[in-house]
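Every chain is numbered from 1 and lettered A, B, ... according to where its sequence line falls, protein lines coming before strand lines. This one's a predicted model, so the numbers in the text were calculated from it and none came from an experiment.
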There are 2 protein chains.
Amino acid sequence: MVKSQGIKMSDTPVCQVNCIHEDVVNRLKPDINRIEGIAYIFKALADDTRVKIIYALSQAELCVCDVAALINSTKAAASYHLRLLNHMGLAKYRKDGKLVYYRLADQHIGNLVSEMIKVRSVKEND
Amino acid sequence: MVKSQGIKMSDTPVCQVNCIHEDVVNRLKPDINRIEGIAYIFKALADDTRVKIIYALSQAELCVCDVAALINSTKAAASYHLRLLNHMGLAKYRKDGKLVYYRLADQHIGNLVSEMIKVRSVKEND
DNA sequence: TTTACAATCAAATAATCCCTTGACTATTAT
DNA sequence: ATAATAGTCAAGGGATTATTTGATTGTAAA
């Protein structure tokens, strides 16, 4: 049972992965290697707090403290997420006196969220 | 400037959040509260490795070591993600001898990923 | 000018998540 | 039976990310 004791065990394999279906794997590999950074967009939606914010902004332009009230959080937390969405290019803002109003940069992401909400509520009524 | 020295400062506010637009906030609040677990789905896509796996599975049924080879990882890592997708109801598997073949539970998510890839490659050619 | 408040920022903590490692199960072949 | 290989599982490290706290900036009103 001893494992590394001289180089036995029929010369342990060099690469750990010996895939079973080389043909398919080789065909898909180039495509796969080109996939990079796609998840980035989905990360924006991978958090319930941000989904709530995106939905809210799809319905109305809101200031930071409105958003904080909606998601039951501090203004700092709301500000954090709004800034994040802004840096990702998903939200924009305008200043008006003391207030900062946020809105969606475009409605696509809002629609995506709305669709997901619909899909889920359909599934619930089974 | 001393801060908590007797209860002055015009009786510091009870709740930290005073939202500015009560009407809008009150209107949206019920909707927002119902949003819970939507991010769950998006989490599946919030990781480049899983995006690759989902794309691969949308093209062919694959065993674990094929997937490992495709994403340049160990079998344990591939298994981890496949199990995760399975638990989320996004992937299914069948056993055949020593092998376990995974496939997408339905093509919707595969289409979503493919669309995202297309969108991105269009943007690249600007 | 002073006070109040919206918003942001920085630092620290808390929570999450991906991946590695090594052990384990199950199936096939020698 | 023994060995080899596909796959899974549990524990832990390491990295990223969410949230809290307290201080700071900027604007508006008293």
Report yes if a side-chain nitrogen or oxygen of [X] is closer than 4.0 Å to either non-bridging phosphate oxygen (OP1 or OP2) of [N]; otherwise report no.
X: A/Tyr102; N: C/dT8; answer: yes
X: B/Ser79; N: D/dG7; answer: no
X: A/Tyr80; N: D/dT19; answer: no
X: A/Arg83; N: C/dT8; answer: no
X: A/Arg50; N: D/dA18; answer: yes
X: A/Thr74; N: D/dT19; answer: no
X: A/His81; N: D/dT19; answer: yes
X: A/Thr49; N: D/dT19; answer: yes

Minimum-distance pair of heavy atoms, taken over all atoms of B/Met88 and B/Tyr40: CE-O, 3.0 Å

Nearest-nucleotide 5' precedence on DNA chain D, B/Tyr101 against A/Leu84: B/Tyr101

Residue whose nearest DNA chain D nucleotide is more 5′ - B/Cys63 or A/Asn72: B/Cys63

Distance in angstrom units between A/Arg94 CZ and C/dA6 P, rounded: 17 Å

Look up atom [atom1] in [X] and atom [atom2] in [Y], then write down how far apart they are to the nearest 0.5 Å.
X: A/His21; Y: A/Asn26; atom1: NE2; atom2: CG; value: 12.5 Å
X: A/Arg103; Y: A/Arg94; atom1: CZ; atom2: CZ; value: 7.5 Å
X: A/Ile35; Y: B/Thr49; atom1: CD1; atom2: OG1; value: 10.5 Å

Ring geometry between B/Tyr93 and B/Tyr102 (parallel below 30°, tilted from 30 to 60°, perpendicular above 60°): tilted

Sugar-phosphate, base or nothing in reach of B/Lys95, heavy atoms under 4.0 Å: nothing

Candidate pair B/Ile53 and A/Ile32, rule side-chain contact (heavy atoms from CB on, under 4.5 Å), full reasoning: CA-CA 8 Å; B/Ile53 292 176; A/Ile32 300 290; over 6 Å; no

Nearest-nucleotide pick for A/Val64, side chain only, options being C/dG22, D/dA6, C/dT8: C/dT8

Residue B/Cys65, side-chain heavy atoms: nucleotide from D/dG22, C/dT21, D/dG7 that is nearest: D/dG7

Reading 5' to 3' through nucleotides 25-30 of chain D, protein heavy-atom contacts under 4.0 Å coded B for base, S for sugar-phosphate only, - for none: -BBS--

